[in-house]
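Below: one structure, written as structure tokens.
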Amino acid sequence: MRISAVDVGMRIDNVQVITGESLVCEPGTMTALVGPSGSGKTTFLHCLGLLQRPTQGSVLVDDADTIGWNARRVRRFWRDSAAFVIQDYGIIDDESVAYNVTMTSKFLSSKLAGDLSRCAEALDATGLSGRGTEPASHLSGGEKQRLAIARAIYKQAEVVYVDEPTASLDAANRHRVVELFLERAAAGCTVVVATHDEGMMAACSARHLLGSHGSGVRNEEMAL
Ligand SMILES: Nc1ncnc2c1ncn2[C@@H]1O[C@H](COP(=O)(O)OP(=O)(O)OP(=O)(O)O)[C@@H](O)[C@H]1O
Ligand SMILES: [Mg+2]
């Protein structure tokens, strides 16, 4: 799926958080949203993921302008097409690690071997092998971050939105996470990542600098 922003702006409580952001994220690519803390990366990522409705401009999914989508259509997009790794991880502490990956408790007692093996694969890929039955509350900050990534990998969504996925990780795990999202992109996924991480930025095929429209720097010109 192609995700595009056309002149997207967001005004919150009389503060213009982002202004005139335009961007195209193509399937099979990983795009970085970059800029200093407070420049609006999370806000823009949330607009692109339809988590927040911009106060100006449009977000397109393929050729459809989502401005006309009702809540039900937006939920269908989240359910069927999107995965999110949000900045505070979104982990449900009271549930097991495996529940947090699959977001279903039924599968543990069912015969859905495919789900079990995909869950195990996602945990392996994020360095959490064998931790499925532990309560998520037992995990460290960096482990929770990797669990949120395992959930996104497990879902095999067409579009993956990722906010600072390496912020709490050591160098080896940062590298592993960059590789995981590159693999998703190579599989045809559209990956959008808000990041400060140099390694992650370098792995992206394009960078979009928040607030760059005023200086005339365009996304295409930032392409690596
Ligand atoms: N709901 C809100 N109410 C008020 N201000 C907000 C709200 N959401 C975001 N902002 C403001 O918008 C600006 C951009 O925030 P945002 O979280 O998008 O930045 P960011 O680039 O992701 O920063 P960081 O790198 O620290 O994660 C900040 O100044 C923030 O305080
Ligand atoms: Mg942020």
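First listed ligand is number 1; within each ligand, the first listed atom is number 1.
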The answer for which part of T42 has a heavy atom under 4.0 Å from ligand 1 is both
Taking 4.0 angstrom as the limit and counting only heavy atoms of H196, give me the atoms of ligand 1 inside it, by number and element. 25 (O)
Validation row: E134, S96 side chains within 4.5 angstrom (heavy atoms): no
At less than 4.0 angstrom from any non-hydrogen atom of V17, what atoms of ligand 1 do you find? 12 (O), 13 (C), 14 (C)
Could you identify the single nearest non-hydrogen protein atom to atom 25 (O) of ligand 1 and state the distance to 0.1 Å? K41 NZ, 2.7 Å
Other residues, nucleotides, ligands: >12 heavy atoms within 6.0 Å of H175 NE2: no
Parallel, tilted or perpendicular: which one describes the rings of H208 and F44, with boundaries at 30° and 60°? tilted
Would you check whether G35 reaches within less than 4.0 Å of ligand 1, judged by its heavy atoms? no
Between S37 and the Mg ion (ligand 2), is there a contact where an N/O/S atom of the residue lies under 2.8 Å from the metal? no
Reported CZ-to-CG distance for the pair R75 and L50, which is rounded to 0.5 angstrom: 13.0 Å
Nearest non-hydrogen protein atom, atom 23 (O) of ligand 1: G38 N, 2.8 Å
Please report the interatomic distance CD1(I18) to NZ(K41), rounded to the nearest 0.5 Å. 11.5 Å
Given L33, L45, I12, identify the one with the heavy atom nearest to atom 2 (C) of ligand 1. I12
Closer than 2.8 Å to the Mg ion (ligand 2), do we get an N, O or S atom from T42, backbone or side chain? yes
Are there more than 12 heavy atoms of other residues, nucleotides or ligands under 6.0 Å from atom CG of D94? no
Purely on distance, is any nitrogen or oxygen of G40 under 3.5 Å from one on ligand 1? yes
Shortest non-hydrogen contact from A152 to V160? CB-CG1, 4.3 Å
Protein heavy atom under 4.0 angstrom of atom 15 (O) of ligand 1, is there one? yes
Say whether V15 and ligand 1 are in contact under the criterion: heavy-atom distance to a ligand atom below 4.0 Å. no
Looking only at heavy atoms, the pair that brings F84 and G49 closest together is CZ-O, 3.4 Å
Where ligand 1 meets P36 - atom numbers and elements under 4.0 angstrom, heavy-atom basis: 21 (O)
Interatomic distance, CZ@R131 vs OG1@T126, rounded to 0.5 Å, equals 10.5 Å
Within a distance of under 4.0 Å, is there any protein heavy atom near atom 7 (C) of ligand 1? yes
Heavy-atom gap S39 to ligand 1 smaller than 4.0 Å: yes
Of the backbone atoms (N, CA, C, O) and the side-chain heavy atoms from C-beta on, which set of T43 has a member under 4.0 Å from an atom of ligand 1: side chain, backbone, both, or neither? both
Could you list the atoms of ligand 1 found under 4.0 angstrom from a heavy atom of Q87? 27 (O)
When you compare the side chains of S22 and D7, does any donor N or O come within less than 3.5 Å of an acceptor on the partner? no
Shortest protein contact, atom 26 (O) of ligand 1 (heavy atom only): S37 OG, 2.6 Å
Spacing of Q52 atom CD and M10 atom CE [to the nearest 0.5 Å]: 4.0 Å
